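If you're wondering where the values come from, they're calculated on a predicted model, not measured in any experiment.
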Amino acid sequence: MASSWTWKKAIKVGAAAATAGGGGCALLYLTSVYNSDRKKEQVQQKLAASGLNKRPSKPLPTRADQLNSLANEQFDVLIIGGGATGSGCALDAASRGLKTAMVEYDDFSSGTSSRSTKLIHGGVRYLQKAIMNLDIEQYKMVKEALHERANLLEIAPHLSFPLPIMLPVYKWWQLPYFWAGIKAYDLVSGGDCLKSSYILSKSRALELFPMLKKNELKGAIVYYDGMHNDARMNISIAISAVRLGATVANHVKVVDLIKTDGIVSGAKVRNQLTGEEFSIKAKSVINATGPFTDSIRKMDDGQTRDIVCPSAGIHIMLPDYYSPSNMGLLDPATSDGRVIFFLPWQGLTIAGTTDTPCPVTNSPGPSESDIQFILSEVKNYLTPDIDVRRGDVLAAWAGIRPLVKDPNAGDTASLVRNHVVHVSDSKMVTIAGGKWTTYRAMAAETVDEAVEAAQLGVGPSMTDGLLLEGAHNWAPTMFIRLVQDLGVDTAVAQHLSDTYGDRAFSVGKMAGLTGQRWPIVGRRIHQEFPYIDAEVRYAVKEYAATAVDVIARRLRLSFLNVQAAEEALPIVVSIMADELGWDKEEQDKQTEDAMDFLRMQMGKDLNKASRDNIPVSLTKAEIAEYVKRFNALDDGKKGYISINDIRKSLKSQGEEVTGQQIHELLNELDANHNGQVEVEEYLQMMSAIKSGTVSHSRFAKMAEMDYKAKKYGEHMERSGGGV
């Protein structure tokens with residue numbers, strides 16, 4: 001019997017449906033809700049009988065234990081690839097009782113799965129195409145995605161949540177058109193509808209999204225999709241597979257496939273951290289490597305044709321003031337026909353995405369042209385009161401979307417709209433394409449094929465409704481207990497609860513003392529974010545093996561603010577050195593690798609280049625003023641500003657800063673890395689600030705305050721924000 005909450009929701013949306021399409025639509029919707037509710041009850045009964053949804057209590061095996069098992073045991077299934085789909089396959093296979101192995105070349109979710117728009121969605125535009133073209137296959141694809149969306153929010157409620165997304169309307173005729181389409185989205189969702197969509201007046205839309213452009217705005221439509229922390233979700237799926245007995249290892253590369261009598265029976269692999277090579281034996285092998293699908297397929301058959309058409313999607317991170325904390329925005333028709341989302345995420349604002357053909361690479365990076373395109377589209381929808389500046393881009397990254405061609409189709413040019421599962425003559429199973437939302441359904445279909453190909457003799461998938469790591473005993477109020485029981489501050493407690501679910505207490509108990517009255521424990525690794533020392537230690541237990549694993553996937557810091565990630569890096573490396581026994585040489589290597597990652601993949605180099613390439617466009621009066629400030633800092637009139645000059649200035653202003661902070665100040669302007677700032681570099685920075693290419697500079701503010709203090713002979717108090 002359906003719960004009262006479900007029926008209240010059904011009555012609301014059913015009433016709207018009756019208005020839109022008559023009583024028949026309402027009846028259809030109510031029937032869908034009832035059938036969906038019954039199916040969920042049946043699924044839960046099956047999982048309860050199997051015992052799969054009991055919270056695991058055993059500690060995770062170590063990475064060394066996992067590697068030893070891979071080298072010395074035989075498996076039913078070996079999955080190549082530790083992204084969302086590969087991890088989903090590992091969980092699906094393990095839940096059926098199969099002896100399961102999974103290896104990942106880099107880190108879990110290091111590729112496309114950590115670089116998404118962060119939405120869990122059914123596809124509003126796909127539904128539009130299905131209706132306009134009377135395409136039943138497209139409709140089924142949307143229907144499946146909507147079920148998977150609801151399922152993901154249920155099995156990982158700490159990591160995912162419904163997000164209202166506003167569709168602003170600037171032409172009267174679009175209001176009924178968009179409303180009908182969005183309401184159809186609700187109806188197709190049936191019992192899996194998150195919340196009912198609704199129309200807003202102009203005044204109400206501006207109240208909820210005050211940054212929106214007011215001119216010619218007629219109103220808005222709000223609908224709901226899901227949102228999640230994609231990398232953490234991926235890692236939770238992989239860890240859930242381990243809890244059910246799967247053996248997994250990151251930083252293990254497949255270098256060749258093993259065949260027995262023409263049938264793929266395992267893989268030769270290399271430990272990327274040590275160089276050690278060994279073989280993994282398995283009855284069935286699944287290729288779930290996303291953009292790298294073809295490289296594994298060619299190991300199986302060197303003559304096989306490529307099926308992946310890689311496409312890069314760029315996203316940028318902007319400050320929190322660009323969007324409300326609880327409302328997203330959809331631009332359905334950009335200047336070149338692409339869709340742009342503008343969403344609150346992790347306390348900041350994410351904007352994207354683009355869709356550009358690209359080569360397959362292990363280190364995709366954003367392009368300046370794509371960043372400028374996104375900023376231009378953002379500017380079109382925001383009020384002119386907001387100056388959309390290049391300097392506000394905190395981080396930028398690219399993800400490679402593996403669009404695929406059907407290997408069984410005669411037409412090699414046509415792309416499939418969903419995903420492809422293919423079994424080769426040697427019985428290797430390949431899964432390619434699809435999207436984050438449908439990872440579970442794709443994994444179930446893939447394992448079905450592997451079971452049949454290898455005649456493994458197990459039952460159907462058990463992952464629909466199967467709770468993921470951290471979900472079993474989680475409650476929305478759990479963060480309060482973390483504050484009260486452990487003595488962490490509220491922001492940290494909320495973050496731990498929303499990231500680790502009921503495992504947050506295990507993380508919190510590893511936190512070090514702060515030495516302060518409050519919070520008692522939980523030293524932040526960066527003052528602007530709620531990430532604490534204990535998370536780095538816990539990440540190692542969850543198989544983080546490099547500094548990039550932590551700053552990118554475990555803490556998300558590099559995706560949020562590339563400068564903050566660089567500033568937190570020494571602390572991260574130091575803690576990991578304690579946990580993993582790194583010597584000074586290894587710590588230096590980890591630091592350099594992480595800096596390369598930030599520079600090439602997270603937009604750090606582009607941010608710097610955009611500043612350095614701006615021509616100096618200052619008036620004579622401005623140049624004269626800035627030269628005076630520069631000379632005031634230049635003690636001894638050397639013609640440059642040194643670290644000692646910075647230290648003296650800060651000391652005279654009553655500031656106590658560390659040597660690292662002084663180096664950070666210097667590095668803001670030291671373009672030629674000679675350990676000093678010339679007047680040309682200073683003027684370049686001031687010009688970049690004037691143009692909006694740089695949002696602010698600690699060095700510039702320090703120089704201004706030092707000059708005023710010396711000019712007026714009085715101490716100038718600093719206003720908020722730190723050095």
Side-chain angles (χ1 to χ4, degrees), residues 116-125 127-128 149 160-171 174-175 177-179 181-183 185-186 194-228 230 313-355 370-389 392-396 560:
S116 73
T117 308
K118 321 305 177 193
L119 286 177
I120 310 168
H121 63 103
V124 175
R125 296 193 77 187
L127 180 61
Q128 178 192 27
R149 178 189 69 175
S160 55
F161 55 91
L163 176 73
I165 301 175
M166 182 180 293
L167 182 61
V169 177
Y170 289 90
K171 296 179 181 177
Q174 290 180 333
L175 267 174
Y177 176 75
F178 286 151
W179 181 79
I182 294 297
K183 193 53 66 178
Y185 195 57
D186 290 347
L194 301 181
K195 292 184 180 181
S196 180
S197 58
Y198 53 91
I199 293 180
L200 293 174
S201 66
K202 175 179 179 178
S203 60
R204 181 61 175 153
L206 292 172
E207 181 182 339
L208 294 175
F209 208 117
M211 308 83 174
L212 206 57
K213 183 173 67 177
K214 304 176 180 66
N215 292 346
E216 299 182 16
L217 180 68
K218 306 299 187 261
I221 298 167
V222 175
Y223 73 99
Y224 287 81
D225 258 329
M227 194 173 215
H228 68 155
D230 52 2
I314 310 296
H315 293 84
I316 63 174
M317 292 302 306
L318 297 166
D320 55 353
Y321 53 74
Y322 271 84
S323 69
S325 61
N326 60 349
M327 178 73 74
L329 184 74
L330 167 64
D331 176 357
T334 62
S335 57
D336 67 352
R338 292 181 283 191
V339 171
I340 290 287
F341 284 98
F342 195 61
L343 311 165
W345 187 68
Q346 301 285 306
L348 297 172
T349 303
I350 182 173
T353 182
T354 59
D355 187 6
D370 279 327
I371 291 174
Q372 293 294 343
F373 167 77
I374 294 173
L375 288 174
S376 175
E377 295 302 326
V378 166
K379 188 179 298 185
N380 289 340
Y381 268 86
L382 296 186
T383 173
D385 296 340
I386 297 178
D387 185 12
V388 179
R389 304 176 298 181
D392 284 337
V393 177
L394 304 174
L560 295 171

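Distance check: I199 CD1 to K183 NZ gives 8.5 Å after rounding to the nearest 0.5 Å. Here the CD1 atom belonging to I340 is positioned 6.0 Å from the CD atom belonging to E377, to the nearest 0.5 angstrom. Atom CG of L375 and atom CG of N380 lie 11.0 Å apart (nearest 0.5 Å). Atom CG in L330 sits 11.5 Å away from atom CE in M166 (nearest 0.5 Å). Rounding to the nearest 0.5 angstrom, the gap separating the CZ atom in F341 from the NZ atom in K118 is 14.0 Å. Atom CD of Q174 sits about 9.5 Å away from atom NZ of K218, to the nearest 0.5 Å.
Of all the heavy atoms in S160 and I120, the pair that sits closest is CB-CD1, 3.8 Å. Across all non-hydrogen atoms, the minimal contact from D392 to P319 is O-CD, 3.2 Å. The two residues S116 and D230 make their nearest non-hydrogen contact at OG-OD2, 2.8 Å. Scanning both residues, K213 and L217, for their nearest heavy atoms gives O-CB, 3.9 Å. Here the shortest heavy-atom pairing between N326 and P344 reads N-CG, 4.3 Å.
Residues forming a side-chain hydrogen bond (donor to acceptor under 3.5 Å, both in side chains) with H228 (at least two apart in sequence, or on another chain): none.
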Inset, instruction - Let me see the working for T354 and I374 under side chain to side chain contact (heavy atoms under 4.5 Å, CB included), right down to the final yes or no. - result: CA-CA 8 Å; T354 59; I374 294 173; 4.1 Å; yes
Inset, instruction - Run the numbers on L119 and I165 for side chain to side chain contact (heavy atoms under 4.5 Å, CB included), then give the verdict. - result: CA-CA 11 Å; L119 286 177; I165 301 175; 4.1 Å; yes
Inset, instruction - Show the numbers, then the answer: is there a side chain to side chain contact (heavy atoms under 4.5 Å, CB included) between Y185 and D225? - result: CA-CA 10 Å; Y185 195 57; D225 258 329; 2.9 Å; yes
Legend entry - Intermediate values then yes/no, side chain to side chain contact (heavy atoms under 4.5 Å, CB included), L200 and E207: CA-CA 10 Å; L200 293 174; E207 181 182 339; over 6 Å; no
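Inter-residue side-chain proximity for Y322 and L348 is flagged as unmet; no heavy-atom pair is nearer than 4.5 Å. Taking the side chain as every heavy atom from C-beta outward, P168 and L329 approach each other to under 4.5 Å. Inter-residue side-chain proximity for V169 and Y177 is flagged as unmet; no heavy-atom pair is nearer than 4.5 Å. R149 is listed as a side-chain neighbour of L194, based on a closest heavy-atom distance under 4.5 Å. With a 4.5 Å cut-off on side-chain heavy atoms, M227 and L343 count as touching.
Side chain of D186 to main chain of S197: a donor-acceptor pair is present (N/O by atom type, distance under 3.5 Å, no hydrogens or angles). Not one N or O on the side chain of T353 forms a donor-acceptor pair closer than 3.5 Å with the backbone of H315. Put simply, the side chain of D370 never gets that close to the backbone of I314: no donor and acceptor are under 3.5 Å apart. Counting only distance, with no hydrogens or angles, the side chain of K214 and the backbone of T383 share no donor-acceptor pair below 3.5 Å.
The aromatic rings of Y224 and Y198 lie tilted to each other, with the angle between the two planes from 30° to 60°.
Paired with F342 under the rule side chain to side chain contact (heavy atoms under 4.5 Å, CB included), one option of I350, D331, L318 passes, and it is L318.
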